[in-house]
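For the numbers below, each heavy atom of this structure counts, side chains included, while hydrogens, waters and symmetry mates do not. First the proteins, then the strands, lettered A, B, ... as listed; each starts at 1.
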Number of protein chains: 2
Amino acid sequence: MRDKQHLKLSKNQALVYEALSQASKPVGAYDLLDQLKAHGLKAPLQIYRALESLIELKVVHRLESLNAWTTCCDADHDSAPIFVICDDCGDVKEHIDTGLNRSIEKISKRSGFTAERPIVEIHGRCGDCSPKTN
Amino acid sequence: MRDKQHLKLSKNQALVYEALSQASKPVGAYDLLDQLKAHGLKAPLQIYRALESLIELKVVHRLESLNAWTTCCDADHDSAPIFVICDDCGDVKEHIDTGLNRSIEKISKRSGFTAERPIVEIHGRCGDCSPKTN
DNA sequence: AAATTAATGTTATAAAGTTACCTTGTTAGC
DNA sequence: GCTAACAAGGTAACTTTATAACATTAATTT
């Protein structure tokens, strides 16, 4: 998505999107709720509804293995996002790799499967937190 | 794991493993609990603990995007498992693909990352449930 | 048999997500 | 301008998923 700036978001959508943008890592729904209580939000559903629509707009992703959400990187992606997650510092980076996406297609087609929503989340240690021995 | 048969499991581990083996799809923790109440299990924690140890023994996998667990296929895998999940009939197949695993390694190494737990779960439609038009 | 470690049992609680129902805004057609 | 139709929002209650805390029992090692 190139023109996030030009998206017309509703009040709740904008609040949730802003909060996610400013975070340095993925944020959980109840954390978002806590933050946004100051802006008048009161119930989980308000958060979940905003998240759902932001995902539909393709400006937010859900991280399945973290139960958390993050803004989409700017890459114009037709291919599926790949998340690289540091279990030490919590940093998450979004990558696009067409090679990996091709492998996924090949694997699924091989068994007559139609891939609609590939989830790739790689847990480990980032460079900064890397295995002590180095 | 080649010799699941030779594993010495505790009572609860064996019950949970049996239940998962007999299921045709991944099963949630509370479903397992319901089934195993007949065998005397009473609390969620008994299930979660058994699952945790079975995962450590590498005979069970957790499907992050389903909040459910399934037995590991027999493949002797050093590489990460790839799950292909039909959102229609619920069928899940475990694949091993060293090519995809190499891509994951490449992507992570490129950014100085050490991959420890790659999660790949591909949602879509299996051959039998495939897009209506065919 | 004592020591150590692995597995269990139970209660209570936390965290994540959904259902149901009703109200308010916005927009389009008349 | 009125109103039908629809999208977005508000609120409460509830379900589902997962853990914490603490006490007990079984198995294994020395």
Side-chain angles (χ1 to χ4, degrees), chain A residues 7-20 23 25-70 83 85 87 90 92 117 119 121 123, chain B residues 6-20 23 25-70 85 87 90 92 117 119 121 123:
Chain A
L7 285 172
K8 280 189 319 197
L9 299 180
S10 75
K11 186 189 125 225
N12 291 1
Q13 289 165 358
L15 285 170
V16 168
Y17 185 76
E18 261 314 292
L20 286 178
K25 4 180 148 164
V27 187
Y30 280 73
D31 281 357
L32 286 168
L33 179 54
D34 282 344
Q35 285 179 47
L36 296 177
K37 271 178 177 159
H39 294 80
L41 295 212
K42 286 178 184 159
L45 193 47
Q46 298 177 292
I47 305 292
Y48 285 109
R49 285 204 278 228
L51 288 168
E52 189 184 10
S53 51
L54 292 168
I55 286 172
E56 230 152 81
L57 293 170
K58 295 187 191 285
V59 295
V60 161
H61 294 292
R62 174 178 158 86
L63 286 143
E64 298 291 336
S65 59
L66 296 177
N67 295 338
W69 287 263
T70 191
F83 294 98
I85 301 163
D87 289 329
V92 172
R117 185 168 67 99
I119 294 168
E121 301 180 10
H123 285 254
Chain B
H6 308 116
L7 284 170
K8 279 189 320 195
L9 300 179
S10 74
K11 186 189 125 224
N12 291 0
Q13 290 165 358
L15 285 170
V16 168
Y17 184 76
E18 260 314 292
L20 285 177
K25 1 178 147 164
V27 187
Y30 281 74
D31 280 357
L32 286 168
L33 180 55
D34 282 344
Q35 286 180 48
L36 296 177
K37 271 179 176 158
H39 294 80
L41 296 212
K42 286 177 184 160
L45 197 47
Q46 299 178 291
I47 305 293
Y48 285 108
R49 286 204 279 228
L51 288 169
E52 189 184 9
S53 51
L54 291 168
I55 285 172
E56 229 152 82
L57 292 170
K58 295 186 190 287
V59 295
V60 161
H61 294 293
R62 174 177 158 88
L63 286 142
E64 297 291 336
S65 59
L66 297 177
N67 294 339
W69 288 262
T70 191
I85 301 164
D87 289 329
V92 173
R117 186 168 67 100
I119 294 167
E121 300 180 10
H123 285 253

Please confirm whether the backbone N or O of A/S65 pairs with a side-chain atom of A/E121, one donor and one acceptor, at under 3.5 Å?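 Here the side-chain-to-backbone pair exists.
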
Let me know the distance between [atom1] of [X] and [atom2] of [N], rounded to the nearest Å.
| X | N | atom1 | atom2 | result |
| --- | --- | --- | --- | --- |
| A/I47 | D/dA12 | CD1 | P | 16 Å |
| B/N12 | D/dT25 | CG | C1' | 13 Å |
| A/L9 | D/dA8 | CG | P | 11 Å |
| B/I55 | D/dA18 | CD1 | C1' | 13 Å |
| B/L45 | D/dT17 | CG | P | 16 Å |
| A/K11 | D/dA7 | NZ | C1' | 15 Å |

Could you tell me the separation between the [atom1] atom of [X] and the [atom2] atom of [Y], rounded to the nearest 0.5 Å?
| X | Y | atom1 | atom2 | value |
| --- | --- | --- | --- | --- |
| A/L32 | A/E18 | CG | CD | 12.0 Å |
| B/D31 | B/L36 | CG | CG | 10.5 Å |
| A/R62 | A/E52 | CZ | CD | 12.0 Å |
| A/N12 | A/H39 | CG | NE2 | 11.5 Å |
| A/S10 | A/L54 | OG | CG | 8.0 Å |

Go through the steps to decide whether A/L33 and A/K42 satisfy the test side-chain contact (heavy atoms from CB on, under 4.5 Å), and finish with yes or no. CA-CA 7 Å; A/L33 179 54; A/K42 286 178 184 159; 5.8 Å; no

Report yes if at least one side-chain N or O of [X] is closer than 4.0 Å to OP1 or OP2 of [N]; otherwise report no.
| X | N | value |
| --- | --- | --- |
| A/Q46 | D/dG9 | no |
| A/S10 | D/dG9 | yes |
| B/N67 | D/dT16 | no |

[X] vs [Y] side-chain heavy atoms within contact, under 4.5 Å:
| X | Y | answer |
| --- | --- | --- |
| A/E64 | A/R117 | yes |
| A/V16 | A/V60 | no |
| B/V27 | B/Q35 | yes |

Note down the inter-axis angle between the two ends of the helix from C/dA1-D/dT30 to C/dC30-D/dG1, five pairs each, to the nearest 10°.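 That helix gives 30° between its end axes.
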
Reading DNA chain C from 5' to 3', where do the contacts with chain B start and stop? Cut-off is 4.0 Å to heavy atoms.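 Footprint of chain B along DNA chain C, 5' to 3': C/dA7 to C/dT11.
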
If we check side-chain contact (heavy atoms from CB on, under 4.5 Å) with A/R49, which of these qualifies: A/I47, A/L45, A/L51?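 The side-chain contact (heavy atoms from CB on, under 4.5 Å) with A/R49 is passed solely by A/L45 among A/I47, A/L45, A/L51.
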
Minimum-distance nucleotide to B/R49 side chain [options: D/dC22, D/dG9, D/dA18]: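 The answer is D/dC22, which lies nearest to the side chain.
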
Would you jot down, in residue-number order, the residues of residues 30-43 of chain A having a non-hydrogen atom under 4.0 Å from DNA chain C?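 Heavy-atom contacts with DNA chain C come from A/Y30.
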
